[in-house]
Trainee: 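Have a look at this one before I ask anything.
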Amino acid sequence: MRLIHFSYLILIVFLSSFVPSFGQEQINNLPVAFSGSIAGDTASTRFFIDFDQNLSFKTTYMDKPNRIIIDLDESVFNLGQENKLEPRGLISAVQYGRISQGRSRIVLTLSAPVEIIKSSLKKRLDEESYRFLLDMDSTDEATFENLLREQKIRSQSSSNLAVKGDRVAPVQKKDGRFTIVIDPGHGGIDGGAVGKNGAQEKDIVFEFSKVVREKLQDIGPFDVLMTREEDKFMSLRDRLEFSRRSKADLFVSIHADSLRQRFVRGSTIYTLSKKASDQLSAKLAETENSADLVGGLAVEEEVEAVADILVDLTTSETKRFSRRFSSLLVKNLGSEIKLIKNPQRSAAFGVLKAPEVPSVLIELGYLSNVEDERLLQSPEFKAKAGQAIANSVLDFFRPRMR
Ligand SMILES: [Zn+2]
């Protein structure tokens with residue numbers, strides 16, 4: 001035994017002398033994508049990309065707009081000028097990059113619904129490189145929807161482990177119905193703003209959200225979900241995830257924050273933008289985005305990174321829908337309650353970053369204003385504003401109803 005131990009020791013000392021250079025190499029040794037191409041037509045398209053070493057991948061279908069997402073081990077994309085992945089056939093756009101520590105992603109935006117016929121990552125004949133290959137055929141919308149549904153069922157069973165907390169199970173969408181997610185801001189240890197007379201934002205928005213839910217259920221074919229059903233803390237990430245997993249058709253976050261300018265009162269409708277429409281909106285987004293810190297969580301960098309790349313990919317369609325809904329809110333709310341000057345604003349709110357869900361954030365009023373604090377708790381206000389929001393949702397979906 002003693003002898004064996006000793007020889008091990010020598011071996012370890014021997015090996016360890018190589019460690020510095022070996023370790024360095026490991027760090028710099030990410031897979032490099034050095035070449036790739038897209039071929040085919042609108043019936044059948046092939047996408048491939050070559051790496052200098054093996055790596056793992058996973059493909060996912062995504063809709064709104066139709067896309068194929070390829071998740072990879074973190075890689076370096078070193079595709080020279082001549083190796084540009086020129087979109088063609090069923091692929092209308094290609095984007096790629098690192099999305100977080102250890103992970104990279106390729107996003108193929110599709111010009112039509114497709115079905116993946118083959119996906120593989122194999123050593124090439126030259127024995128020195130690996131080719132990721134994806135073959136897709138054009139298909140109809142119904143088949144694509146089926147593929148999404150199957151994928152959702154599969155991921156539900158596998159992601160249950162990864163999902164922490166008590167999130168709701170994804171909802172099966174019924175024909176002709178729309179899923180609306182209402183997000184009462186703050187909750188639990190994160191009380192949000194506090195009024196001069198002690199009203200807490202988390203309570204006000206929760207009570208109001210319940211009124212909106214009722215009005216919505218009365219008015220149309222809406223399945224209404226709330227991100228929280230009680231007074232509990234939820235991170236922004238959880239809220240976003242909830243919205244996406246519920247396959248929400250619309251996401252409405254409700255707040256009643258506080259401003260330094262105590263004279264400001266009335267409702268404001270916010271949509272997402274990279275750059276704030278004005279100083280006040282920028283400040284507010286900053287406060288809202290720090291909600292996770294209040295809850296004792298570090299700002300989740302990964303989510304930020306993912307969200308950022310996705311915001312870039314957010315279709316003009318989602319943005320347009322969000323803007324349109326926000327216009328309807330301004331019109332309907334404006335005839336019932338007081339709005340602030342320039343009520344349609346935008347800023348980089350983290351909670352609005354689901355790329356495929358039209359999302360708005362409503363500041364019902366400002367708890368820094370005593371009048372607003374009183375008003376937001378009155379049953380008349382809640383009924384009027386709640387009804388105006390429900391009417392706006394109905395107006396929003398009317399073109400898609402039969
Ligand atoms: Zn708030």
Side-chain angles (χ1 to χ4, degrees), residues 181-213 226-240 242-243 251-262 264-273 276-297 299-300 303 322 326 329 333 337 339-340 343-354 359-377 381-382 385-386 389:
V181 170
I182 310 276
D183 173 46
H186 313 277
I189 52 169
D190 169 22
V194 181
K196 197 158 191 214
N197 296 315
Q200 287 211 74
E201 180 182 0
K202 65 171 182 177
D203 301 325
I204 287 182
V205 297
F206 184 63
E207 290 310 313
F208 183 76
S209 296
K210 286 193 287 187
V211 174
V212 176
R213 173 168 61 184
M226 285 177 31
T227 51
R228 62 179 176 95
E229 290 283 355
E230 59 194 322
D231 183 16
K232 68 164 185 190
F233 176 77
M234 262 189 110
S235 70
L236 296 177
R237 179 196 188 134
D238 286 346
R239 294 169 198 264
L240 253 176
F242 182 100
S243 162
F251 176 84
V252 185
S253 192
I254 310 272
H255 288 261
D257 281 278
S258 173
L259 295 173
R260 217 157 33 82
Q261 301 83 336
R262 291 195 169 272
V264 176
R265 53 172 304 211
S267 301
T268 320
I269 323 296
Y270 288 95
T271 48
L272 174 69
S273 66
S277 58
D278 55 288
Q279 279 295 320
L280 190 143
S281 308
K283 192 83 202 106
L284 206 60
E286 203 179 289
T287 311
E288 281 311 326
N289 293 342
S290 66
D292 279 0
L293 293 174
V294 180
L297 295 176
V299 171
E300 309 208 49
V303 146
S322 303
S326 121
L329 281 168
L333 275 172
I337 60 172
L339 304 181
I340 76 167
Q344 203 169 3
R345 300 182 184 219
S346 62
F349 288 99
V351 79
L352 300 180
K353 282 184 175 174
S359 306
V360 303
L361 185 146
I362 303 177
E363 290 285 352
L364 284 177
Y366 295 95
L367 286 179
S368 34
N369 181 282
V370 190
E371 275 294 291
D372 265 5
E373 181 182 10
R374 185 192 53 75
L375 186 70
L376 297 189
Q377 295 174 85
F381 172 86
K382 284 190 260 188
I389 291 172

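Order of listing sets the numbers, starting from 1, for every ligand and every atom in it.
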Trainee: Which residues pass the salt bridge (Lys or Arg N to Asp or Glu O under 4.0 Å) test with E371, not counting sequence neighbours?
Mentor: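 Salt bridge (Lys or Arg N to Asp or Glu O under 4.0 Å) list for E371, sorted by chain: R265, R374.
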
Trainee: Would you please name every residue forming a side chain to side chain contact (heavy atoms under 4.5 Å, CB included) with T271, sequence neighbours left out?
Mentor: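 Scan of T271 (side chain to side chain contact (heavy atoms under 4.5 Å, CB included), adjacent residues dropped) gives S322, R323, S326, S346, V360.
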
Trainee: Say whether H186 and E201, considering side chains only, have a donor N or O and an acceptor N or O under 3.5 Å apart.
Mentor: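 Distance-only check passes for H186 and E201.
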
Trainee: By atom name, which N, O or S atom of E201 is the nearest to the Zn ion (ligand 1)?
Mentor: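 Result for E201 and the Zn ion (ligand 1): OE2.
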
Trainee: Name the residue from I362, L339, T268 that meets the side chain to side chain contact (heavy atoms under 4.5 Å, CB included) definition with L329.
Mentor: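 So the option named by the test is I362.
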
Trainee: Angle at the Zn ion (ligand 1) between OD1 of D257 and ND1 of H255, to 10°?
Mentor: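 The OD1/ND1 angle about the Zn ion (ligand 1) sits at 150°.
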
Trainee: Could you tell me which N, O or S atom of E288 is nearest to the Zn ion (ligand 1)?
Mentor: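 Closest N, O or S atom of E288 to the Zn ion (ligand 1): OE2.
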
Trainee: In H186, the N, O or S atom nearest to the Zn ion (ligand 1) is which?
Mentor: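 Minimum-distance N/O/S atom of H186 relative to the Zn ion (ligand 1) is NE2.
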
